[in-house]
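Only one structure is covered here, and it is reproduced in the block below.
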Amino acid sequence: TLVSDNPALAADKAFDFVIVGAGLSGLTVGNKLSGQGHSVLIVEAGPDGSWNPAVWDAGGRPYPAVYCNWNYPRYDDAGKKLNSTIDAGACIGGSTSINGMVWYRPTKAEIDKLETLGNPGWNWDSLEPYMTAIERNIPPTDAQIAQGAGYDPDVHGYHGQVNTSFSTPMRIPKAVQIYKEGLPLAFSGLKIGNDLSNRTSVVSASTSWTLWYDLVRGKNIRSSAADALLWAPSQQRQSLTVLANHTVTKVTFDKHLKATGVTFASSHTKGKGVIYSVRARKSVILAAGTLASAPILERSGVGKHSVLSAAKVKQLVDLPGVGANLNDQPGSGTSALMSKKYHNDTSMVDGLNIFGPEISLVNIDQIWTTTASSIADSLVSTASLASRAKSLVDAGAAVNIEGAEQILNVTIQLIVKSRLPVAEFIAETYPTVFNGIFWPVMPLSRGHVHIHSTDPFEFPVIMPRLLTDPFDQQVALAIARASRELWTSKPFAGYVEDAYYDPKIGPNGTDAEYLAWLKRSSGGASHWIGTTAMMPRQLGGVVDSRLRVYGTKNLRVVDAGILPFQITSHTMSALYAVALKAAQLILEDCK
Ligand SMILES: Cc1cc2nc3c(=O)[nH]c(=O)nc-3n(C[C@H](O)[C@H](O)[C@H](O)COP(=O)(O)OP(=O)(O)OC[C@H]3O[C@@H](n4cnc5c(N)ncnc54)[C@H](O)[C@@H]3O)c2cc1C
């Protein structure tokens, strides 16, 4: 494999496939296509970060590594630029080079819904084998199990490229034990399980991470997509070239709207230098991530008419779903001050950034023990679905009522019928505090991302509209309150000095106080999806079930943006499966 930042390797040349973005999806697809002998070019805007300890040292990095982060500006619901930014990986490996490494699988119920949304063949039976294929799990040792590592051998793969394991040493085992005792009290009926990947709906359990322990360096090493699929000696490819530090500016088309290649420029000169072009003989594949692939489509003339004309881009294909349906989980967190005598106890606080040693997934029954059924009734009512769909269309977050209703209904059915989790609660400690990080895990709120100029080096306007749906607010509010119940529960007695440490909303805090704080403090959980949704075009879809962009030829999107609705696992396990399946479809199509 050739990895370089010399544009001459690509400029005016032709490859079978040109892939945009060397992140999780781009590297996975590139690895598979080049493995079958096709010539593949991957153009990556960022540098190679593999030498940098902020990337490879899983425990020692700042969270997330500033070194390879786009830090996209974020806009509020009225379109005003905020001071807070949005994390997304900006070096080879993409977001897997900076992410929290939490690894567990989604459930059958939710993955099967991809198919019911009009995508034949996209179901659990077709995707689960790929989740197994990509993983190389290193089972916990007896010592790790004694310190709280739960493990079910049936829900892991052992022969893939992405390493998953528990950290060495195990993180904060004493604090995790206290959490395991307290969590079922704060969330009624919550079961403590053995492995988060082994669940049909809800459970609290430890999880493994995409890392492995290197005895020589004495460190936990991040198993990023780059580590697994690009640098590994067993994955070297004659026909794969990765061009780093170059930004794809747009897709080029012939007069029949067949994608012929892309143009790109040095990321350092920010478009002020030469604009190069490269040709794709078989297909261009956008894998720049949820927040970047839609803007590339728009700059190339594929998108909603009003967006393109405001940005002064000539429209080639009318595809109003591009950039709509943006979705992430609105993350927030409360802290309790830990009693001083435990501040230096590493079984309680280890200061490591390997995120989320105990994760709970809770459903409506566990949050609202007595009122869950009335909440479910109101969620499924036809009137509430219609009004939710209308508000998404009015906000430009959905293309039409029918599409919005179908997408929302998937999530609502999963919440109500399958009793899948509505919230994730991550039990952590940071120096001096117990910290509960939480988010509505299947949010109904939607936003959008759009370009506002032709300049590819100008960031798009990202308006996530987190917590705009009242149900998401209800969930976040309930979890914030439950976290306070947790800190005041019996198992925490003697360990907690101030259960209302942060935010400073006391035991009598009102819903209005909590909601105002949640609105202020919530940021995306970094599981952005939806802006190039895979579903029928008439419902607002952008790609079909073979991931081809509607209205074009030889152009595909393969990244997190194709997921139309949120899943209850962190995204990696599902996305590796999506990318492997995509590679299979692409290979079939180019025979
Ligand atoms: C801070 C953070 C924490 C996370 N924690 C977890 C976790 O613990 N567990 C989990 O499962 N998931 C986690 N995720 C989510 C997961 O990493 C992402 O969902 C996944 O990596 C998305 O894959 P992708 O291929 O869509 O995009 P990415 O992996 O982000 O790759 C996109 C690539 O495209 C490049 N690119 C963008 N624009 C251009 C352009 N114009 N030209 C060329 N290249 C371009 C980017 O630089 C990037 O390298 C986290 C993400 C972040 C950001």
Side-chain angles (χ1 to χ4, degrees), residues 18-30 42-49 58 61-66 68-72 85-106 162 164 207-211 222 224-226 242-251 262-265 267 271 285-297 299-300 328-329 331 353-356 359 424 426 456-457 459-460 523-529 531-532 557-563 566-567 569-576 578-579 582:
V18 173
I19 300 178
V20 182
L24 182 156
S25 312
L27 287 175
T28 308
V29 174
I42 308 182
V43 185
E44 166 57 45
D48 165 24
R61 76 213 153 90
Y63 180 82
V66 279
C68 90
N69 194 343
W70 282 97
N71 279 312
Y72 287 116
T85 53
I86 294 175
D87 298 323
C91 57
I92 290 181
S95 297
T96 66
S97 293
I98 64 167
N99 72 12
M101 298 171 290
V102 170
W103 177 274
Y104 66 92
R105 294 178 175 195
V162 175
T164 64
T207 179
S208 34
W209 290 272
T210 49
L211 55 76
R222 171 188 294 276
S224 67
V242 179
L243 176 64
N245 279 317
H246 285 79
T247 302
V248 167
T249 54
K250 60 180 183 178
V251 179
V262 302
T263 54
F264 62 95
S267 301
I285 299 161
L286 298 182
T290 298
L291 301 171
S293 286
I296 294 172
L297 282 176
R299 275 197 305 277
S300 313
D328 195 4
Q329 297 139 331
N353 286 300
I354 300 168
F355 182 60
I359 293 183
E424 175 165 350
I426 296 174
F457 290 91
F459 285 131
S526 295
H527 302 147
W528 300 96
I529 55 130
T531 57
T532 48
V557 182
V558 182
D559 62 28
I562 69 109
L563 290 179
Q566 198 54 253
I567 53 174
S569 63
H570 295 220
T571 31
M572 272 192 293
S573 52
L575 287 179
Y576 275 115
V578 165

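In each ligand, atom 1 is the first atom listed, and ligand 1 is the first ligand listed.
- Checking side-chain atoms of N69 against main-chain N and O of G89 turns up no donor-acceptor pair under 3.5 Å.
- At a 4.0 Å heavy-atom cut-off, ligand 1 touches A560 through backbone and side chain alike.
- Ligand 1 has a nitrogen or oxygen under 3.5 angstrom from a nitrogen or oxygen of M572.
- Shortest contact from atom 24 (P) of ligand 1 to any protein heavy atom: S25 OG, 3.6 Å.
- The shortest N or O to N or O distance between F355 and ligand 1 is not below 3.5 Å.
- Only the side chain of L575 comes within 4.0 Å of ligand 1, judged by heavy-atom distances.
- Ligand 1 places these atoms under 4.0 Å from at least one heavy atom of A90: 47 (O).
- Not one N or O of G289 is nearer than 3.5 Å to an N or O of ligand 1, by distance alone.
- Residue H246 has no nitrogen or oxygen atom sitting less than 3.5 Å from a nitrogen or oxygen atom of ligand 1, judged on distance alone.
- Of the protein's non-hydrogen atoms, the one nearest atom 37 (C) of ligand 1 is A288 O, 3.5 Å.
- Residue H527 touches ligand 1 through its side chain alone, judged by heavy-atom distances below 4.0 Å.
- Distances between N or O atoms of M101 and those of ligand 1 include at least one value under 3.5 Å.
- Ligand 1 has a nitrogen or oxygen under 3.5 angstrom from a nitrogen or oxygen of E44.
- Between V248 and ligand 1, a contact under 3.5 Å exists for at least one N or O pair.
- Of the options N245, I562, I92, L24, the smallest heavy-atom separation from atom 23 (O) of ligand 1 is shown by L24.
- The residue F264 has no part lying near ligand 1, judged by heavy-atom distances below 4.0 Å.
- Distances from atom 8 (O) of ligand 1 to the heavy atoms of I42, V102, V20 show the closest one on V102.
- Between W70 and ligand 1, at least one pair of N/O atoms sits closer than 3.5 Å.
- Contact annotation: for A287 versus ligand 1, heavy atoms closer than 4.0 Å belong to the backbone alone.
- Looking at R299, its side chain never comes within 3.5 Å of a backbone N or O of A294 through a donor-acceptor pair.
- Applying the ring pair (Phe, Tyr, Trp, His ring centres under 6.0 Å) criterion to F459, with sequence neighbours excluded, gives Y72.
- Nearest protein neighbour of atom 4 (C) of ligand 1, counting heavy atoms only, is N99 CB, 3.0 Å.
- Remark: ligand 1 and A88 share no N or O pair separated by less than 3.5 Å (distance only, no angle test).
- Counting heavy atoms closer than 4.0 Å to ligand 1, residue I296 contributes side-chain atoms (C-beta onward) but none from N, CA, C or O.
- Donor-acceptor pairing under 3.5 Å is recorded for the side chains of T247 and S267.
- The closest protein non-hydrogen atom to atom 21 (O) of ligand 1 is S95 CB, 3.3 Å.
- In terms of protein heavy-atom proximity, atom 1 (C) of ligand 1 is nearest to S526 OG, 3.7 Å.
- Annotation for ligand 1: atoms under 4.0 Å from non-hydrogen atoms of D87 are 1 (C), 53 (C).
- Residue-level proximity to ligand 1 for C91 is carried by the backbone, the only part with a heavy atom below 4.0 angstrom.
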